[in-house]
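Here the structure comes first, spelled out in structure tokens, and everything after it is commentary.
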Amino acid sequence: QVQLVESGGGLVQPGGALTLSCAASGFTLDSYAIGWFRQAPGKEREGVSCISSSDSSTYYADSVKGRFTISRDNAKNTVYLQMNSLKPEDTAVYYCAAPLRAAGTICPAREYDFWGQGTQVTVSS
């Protein structure tokens, strides 16, 4: 079955850390530019980070640059998002996505058509 499954979300205090995982089934993650996105209530979905297929070059939104790190473990077919120094404004549902139809390999891909179910991250005292 072709799937993307996010995990690792939860409740954390400001300044804390979480690591999110995006595990793929039915296709190989390192063939695509895999993106992390987030959406908070009442806000539009925004791109957070991306890792390219070939050279593993990365992209980060300005709001998370210096605090978040994206990485990939090809043996586990999993992409990670390490989130440090978390802020309340990081609270959102986080999704990973792949540009399967376009077969995009370089970040940022133009169209993400395949998405995971999301995992909730809440940053609060």
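Between Tyr32 and Phe114, a ring centre-to-centre spacing not shorter than 6.0 Å is recorded.
Closest of all the heavy-atom pairs between Leu81 and Ser49 is CD1-CB, 4.1 Å. Nearest heavy-atom pair across Pro99 and Glu111 is CB-O, 3.0 Å. Closest of all the heavy-atom pairs between Gly47 and Phe37 is CA-CD2, 3.5 Å.
Residue pairs meeting the salt bridge (charged side-chain N to carboxylate O under 4.0 Å, His left out) criterion with at least one partner in residues 94-108, sequence neighbours excluded, are absent.
Relative to the six-membered ring of Trp115, Arg45 meets both conditions, a distance below 6.0 Å and an angle of at most 45° to the axis.
Between the side chains of Asp55 and Ser57, at least one donor-acceptor pair of N or O atoms lies under 3.5 Å. Donor-acceptor pairing under 3.5 Å is lacking for the side chains of Arg72 and Thr78.
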Practice task
Given side-chain contact (heavy atoms from CB on, under 4.5 Å), test Val5 with Ser25 step by step and report yes or no.
Solution key: CA-CA 8 Å; Val5 179; Ser25 300; 5.9 Å; no
Practice task
Mind running side chain to side chain donor-acceptor pair (under 3.5 Å) on Gln82 and Thr19 for me, showing each step along the way?
Solution key: CA-CA 4 Å; Gln82 174 67 48; Thr19 298; 2.2 Å; yes
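Using a 4.5 Å heavy-atom threshold, the side chains of Thr91 and Val121 count as separate. Taking 4.5 Å as the limit, every side-chain heavy atom of Leu29 sits out of range of all side-chain heavy atoms of Asn74.
Here Lys87 does not pair with Asp90 in a salt bridge; the nearest charged N to carboxylate O distance is not below 4.0 Å.
Expressed to the nearest 0.5 Å, how far SG of Cys22 lies from CD of Glu6 amounts to 5.5 Å.
For Tyr94, the side chain to side chain donor-acceptor pair (under 3.5 Å) test picks out Arg38, with sequence neighbours left out.
Placement of Leu20 and Leu86 within a single hydrophobic cluster is found when ILVMFWY residues are connected by side-chain heavy-atom separations under 4.5 Å, directly or transitively.
The environment of CD1 in Ile106 is sparse: at most 12 heavy-atom neighbours from other residues, nucleotides or ligands sit within 6.0 Å.
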